[in-house]
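To start, the structure under review is shown below, and the notes come after it.
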Amino acid sequence: MVNVTDSLSHSRGHRKKRDKVKTSVKRALITGITGQDGSFLAELLLAKGYEVHGMVRRASTFNTERLDAIYADPHEHGAKLFLHYGDSSEGAGIRHILEAAQPEEIYNLAAQSHVRVSFDQAEYTANVVATGALRILEAVRDYAARGHAVRLYQAGSSEMFGASPPPQNESTPFYPRSPYGVSKLAAHWYAVNYREAYGLFVANGILFNHESPRRGETFVTRKITRALARIKLGLQDKLYLGNLEARRDWGYAGDYVEAMWRILQQPEAEDFVIATGESHSVREFLERAADYCGVPWQRHVERDSRYFRPTEVDNVCGDASKAREKLGWAPKVKFEELVAMMMEHDLELARQQATLASAGHRVSGRGASQS
Ligand code: NAP
Ligand code: G4F
């Protein structure tokens with residue numbers, strides 16, 4: 001497990017060391033580094049030779065599991081990944097981290113990112129997602145005024161399009177359908193405003209759904225692959241789902257973090273839609289995953305009204321022509337490969353759990369009924 005150093009004591013030492021030895025290594029700060037995208041982006045930037053700093057919120061349990069593969073103790077010579085405690089709900093901490101890390105690129109990925117949960121925790125979602133982005137912008141504005149050349153990526157979402165019919169591109173009117181979508185839209189417009197008002201390099205990525213084996217277990221794709229694998233291995237019997245008819249444009253997270261990086265390498269700050277241009281229903285995802293592992297899903301899947309949303313986004317499908325032309329970006333992983341990759345990963349996890357269970361150990365029963 002990763003050990004997050006105390007932000008201030010660590011950061012001061014780190015800055016002193018760097019002040020002595022000026023290097024040409026690029027420094028990036030990622031908020032939300034412990035999430036799905038944050039972990040992929042950290043890997044990408046480290047592979048490109050960046051020094052990577054991540055903002056991690058304090059939790060009573062380890063929340064850095066997705067970073068285990070790339071973490072090295074910051075005291076070790078040549079360490080390139082540094083973690084700092086911070087939270088999007090607190091501006092002072094963000095400013096301390098900027099001072100400590102002195103990044104040239106900032107990726108603001110931190111969010112309460114679950115749409116269904118945003119209906120239950122609307123005020124909190126707005127605080128973290130909308131005002132959280134504003135806090136970063138205010139900190140960046142002061143940081144830039146002190147002479148730092150800095151570029152900021154703001155993680156926008158296809159949820160901002162909401163009820164606007166597909167295909168959606170950069171000119172499509174926004175019509176969000178959840179507190180999460182509204183909050184992301186506020187963050188989007190804050191970013192545009194700070195770009196225009198203060199000449200800051202701030203770019204919005206408007207990303208459509210992207211998944212991976214690291215996807216949080218309560219998003220529908222991972223909920224399905226995890227549950228089907230457990231059903232296949234006899235670890236659970238039922239999978240409770242909501243709306244199977246909603247359509248999403250699902251890509252692979254590894255491809256999408258490459259787009260984030262390219263957005264910040266442009267000569268001018270601009271906003272980009274990032275998508276595959278192909279949409280599938282939740283039912284299609286379920287059928288494809290069940291076929292892959294040979295589970296007769298109709299026998300195991302039940303509907304639960306808890307997983308329906310008061311207002312749904314029925315159909316999103318992105319047009320990423322601008323990204324293709326200006327960023328030279330195109331998704332590599334196709335829908336079928338994505339389903340297979342996620343199924344394989346969750347089958348392996350289920351096999352490990354089944355082995356433990358057959359040896360008499362207790363394994364977690366959670367899985368059938370999560371958001
Ligand atoms: P994720 O897996 O849910 O990760 C969210 C990250 O934000 C985690 O590191 C989480 O920390 C952190 N976070 C949550 N609340 C925070 C707070 N109050 N202060 C600081 N950090 C906080 O999300 P993701 O899929 O990687 O998505 C990354 C970003 O892209 C998010 O902003 C999301 O809304 C947006 N986005 C995602 C998609 C998608 O399909 N994945 C599409 C469009 C936009 P913990 O690990 O401690 O929870
Ligand atoms: O997997 P989901 O929860 O993702 P959603 O709502 O599209 O949001 C994700 O993608 C956005 C990109 O546009 C991100 F901005 C956001 O942060 C997040 O990463 O739900 C997908 C669809 C929905 O229509 C939902 O109603 O699946 C449907 N669904 C059906 N049953 C379910 C379930 N969703 C969840 N989470 N759980 C269910 O049991």
Side-chain angles (χ1 to χ4, degrees), residues 30-42 54-59 61-67 85-90 93-94 107-118 124-125 127-129 131-133 135-136 153-162 168 176-178 180-181 183-184 187 204-212 214-224 227 239-253 256-257 260 274-275 281-283 285-286 301-304 306-309 311-316 318 368-371:
I30 305 174
T31 74
I33 194 169
T34 57
Q36 171 189 254
D37 291 5
S39 66
F40 277 107
L41 181 62
M55 184 172 91
V56 176
R57 57 185 178 152
R58 195 266 157 187
T61 52
F62 285 119
N63 57 355
T64 50
E65 202 185 336
R66 291 184 178 107
L67 301 176
Y85 281 125
D87 198 295
S88 300
S89 61
E90 195 218 15
I94 294 167
Y107 298 84
N108 183 31
L109 310 186
Q112 187 304 92
S113 71
H114 202 287
V115 174
R116 177 66 192 84
V117 170
S118 79
Y124 173 76
T125 302
N127 187 13
V128 171
V129 175
T131 313
R135 288 184 186 102
I136 302 241
Y153 171 88
Q154 168 57 31
S157 163
S158 53
E159 284 293 302
M160 301 184 317
F161 293 126
Q168 293 99 353
R177 298 269 286 170
S178 64
Y180 169 84
S183 300
K184 278 288 180 192
N204 291 294
I206 307 175
L207 272 55
F208 285 59
N209 298 50
H210 44 279
E211 321 291 310
S212 76
R214 295 184 208 170
R215 185 59 143 149
E217 291 85 348
T218 61
F219 296 97
V220 79
T221 55
R222 186 76 201 287
K223 183 173 170 182
I224 290 171
L239 165 60
Y240 296 96
L241 291 172
N243 179 11
L244 300 187
E245 310 317 325
R247 299 184 73 82
R248 290 291 181 273
D249 177 334
W250 279 298
Y252 172 56
Y256 284 47
V257 297
M260 294 178 190
I274 303 296
S281 66
V282 174
R283 182 185 295 276
F285 189 100
L286 174 63
V301 171
E302 290 191 11
R303 312 296 277 282
D304 186 330
R306 273 190 298 171
Y307 303 124
F308 286 80
R309 289 144 193 211
T311 39
E312 174 66 285
V313 169
D314 295 317
N315 192 2
V316 284
S369 55
Q370 292 170 323
S371 330

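Start at 1 and go down the list; that is how both ligands and their atoms are numbered. Just so it is clear, the values below take in all heavy atoms, side chains as well, and ignore hydrogens, waters and symmetry mates. Note that this is a predicted model, so its numbers are computed, not measured.
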Atoms in ligand 1 with a heavy atom of Ala155 nearer than 4.0 Å: 29 (C), 30 (O), 32 (O)
Smallest separation among heavy atoms of Ser158 and Ile206, with atom names: N-CG2, 4.2 Å
Residues in ring pair (Phe, Tyr, Trp, His ring centres under 6.0 Å) contact with Tyr180, at least two apart in sequence or another chain: none
Atom 6 (C) of ligand 1 [closest protein heavy-atom partner, distance rounded to 0.1 Å]: Gly32 CA, 3.7 Å
Interfacing atoms of ligand 1 (cut-off 4.0 Å, heavy-atom, Gln36): 2 (O), 25 (O), 26 (O), 41 (N)
Asp249 side-chain N/O to Gly318 backbone N/O, donor-acceptor pair under 3.5 Å: yes
Protein heavy atom at shortest distance from atom 18 (N) of ligand 1: Asp87 OD1, 2.9 Å
Nitrogen or oxygen atoms of Phe219 and ligand 2 under 3.5 Å apart: no
Ligand 2 to Asn209 polar contact by distance, N or O atoms, under 3.5 Å: yes
Identity and separation of the nearest protein heavy atom to atom 25 (O) of ligand 1: Arg215 NH1, 3.4 Å
Val282 contact mode with ligand 2 (heavy-atom cut-off under 4.0 Å): side chain
Ser88 neighbourhood, listing ligand 1 atoms whose heavy-atom distance to it stays under 4.0 Å: 17 (C), 19 (N), 20 (C)
Selected option - heavy-atom contact closest to atom 14 (C) of ligand 1, from Ala133, Ala111, Ser113, Gly132: Ala111
Ligand-side contact atoms (ligand 1) for residue partner Met55, heavy atom cut-off under 4.0 Å: 20 (C)
Identity of the nearest option to atom 47 (O) of ligand 1, non-hydrogen atoms only, from Arg57, Arg66, His210: Arg57
Any His210 heavy atom less than 4.0 Å from ligand 2: no
Residue part near ligand 1, for Glu159, under 4.0 Å between non-hydrogen atoms: neither
Aromatic plane relationship, Phe40 with Tyr252 - under 30° parallel, 30 to 60° tilted, over 60° perpendicular: perpendicular
Protein residue, atom and distance nearest to atom 43 (C) of ligand 1, heavy-atom basis: Leu207 O, 3.1 Å
Side chain to side chain contact (heavy atoms under 4.5 Å, CB included) evaluation trace for Val257 with His210: CA-CA 10 Å; Val257 297; His210 44 279; over 6 Å; no
Counterpart residues, side-chain hydrogen bond (donor to acceptor under 3.5 Å, both in side chains), relative to Arg57 (two or more places apart): Tyr124
Identity and separation of the nearest protein heavy atom to atom 27 (O) of ligand 1: Asp37 OD2, 3.6 Å
Arg309, portion touching ligand 2 at heavy-atom distance under 4.0 Å: side chain
Enumerated ligand 1 atoms positioned under 4.0 Å from heavy atoms of Asn209: 40 (O)
Contacting atoms of ligand 2, where contact means under 4.0 angstrom from a heavy atom of Ser157: 11 (C), 12 (C), 13 (O), 14 (C), 15 (F)
Those atoms of ligand 1 less than 4.0 Å from some heavy atom in Gly35: 2 (O), 4 (O), 8 (C), 9 (O), 26 (O)
Ligand 1 versus Tyr124: contacting region, heavy-atom distance under 4.0 Å: side chain
Donor-acceptor contact present, side-chain Thr34 to main-chain Val56, <3.5 Å: no
Derivation and outcome, side chain to side chain contact (heavy atoms under 4.5 Å, CB included), residues Val301 and Ile224: CA-CA 10 Å; Val301 171; Ile224 290 171; over 6 Å; no
Sub-3.5 Å N/O-N/O distance, Phe208 and ligand 2: no
Those atoms of ligand 2 less than 4.0 Å from some heavy atom in Ala246: 24 (O)
Those atoms of ligand 1 less than 4.0 Å from some heavy atom in Gly156: 43 (C), 44 (C)
From Leu67, Thr218, Thr34, Thr221 - option closest to atom 46 (O) of ligand 1 by heavy atom: Thr34
Those atoms of ligand 2 less than 4.0 Å from some heavy atom in His114: 36 (N)
Ion pair check, Arg248 and Glu312, cut-off under 4.0 Å: yes
Which of the ligand 2 atoms, numbered from 1, are nearer than 4.0 Å to a heavy atom of Arg215: 9 (C), 10 (O), 18 (C), 19 (O)
Candidate pair Tyr153 and Leu109, rule side chain to side chain contact (heavy atoms under 4.5 Å, CB included), full reasoning: CA-CA 8 Å; Tyr153 171 88; Leu109 310 186; 3.9 Å; yes
Donor-acceptor pair, side chain of Gln112 and main chain of His114, under 3.5 angstrom: yes
Distance from atom 21 (N) of ligand 1 to nearest protein heavy atom, with residue and atom: Ala110 CB, 3.4 Å
Ligand 2 versus Leu241: contacting region, heavy-atom distance under 4.0 Å: both
Residue part near ligand 2, for Arg283, under 4.0 Å between non-hydrogen atoms: neither
Side chain to side chain contact (heavy atoms under 4.5 Å, CB included) between Leu241 and Leu286, worked out: CA-CA 10 Å; Leu241 291 172; Leu286 174 63; 4.2 Å; yes
Atom indices of ligand 2, in the order listed, that fall short of 4.0 Å to a heavy atom of Asn243: 28 (C), 29 (N), 30 (C), 31 (N)
Presence of salt bridge, Arg116 and Glu159, under 4.0 angstrom: no
Enumerated ligand 2 atoms positioned under 4.0 Å from heavy atoms of Val115: 6 (O), 8 (O)
Main-chain N/O of Arg215 paired with Arg222 side-chain donor or acceptor, under 3.5 Å: yes
Part of Asp304 within contact of ligand 2 (heavy atoms, under 4.0 Å): neither
Selected option - heavy-atom contact closest to atom 33 (C) of ligand 1, from Tyr180, Tyr85, Tyr256, Trp250: Tyr180
Side chain, backbone, both or neither: the part of Arg116 lying under 4.0 Å from ligand 2 by heavy atom: neither
Structural part of His114 in contact with ligand 1, heavy atom criterion under 4.0 angstrom: neither
Between Ser178 and Arg309, a side-chain donor and acceptor under 3.5 Å: no
Under-4.0 Å heavy-atom contact with ligand 2, by part of Phe308 that carries it: neither
Sub-3.5 Å N/O-N/O distance, Arg248 and ligand 2: yes
Lys184 side chain reached by Gln154 side chain, heavy atoms, under 4.5 Å: yes
Distance-only N or O hit between ligand 1 and Glu211, under 3.5 Å: no
Within-cut-off N or O pair, Leu109 and ligand 1, under 3.5 Å: yes
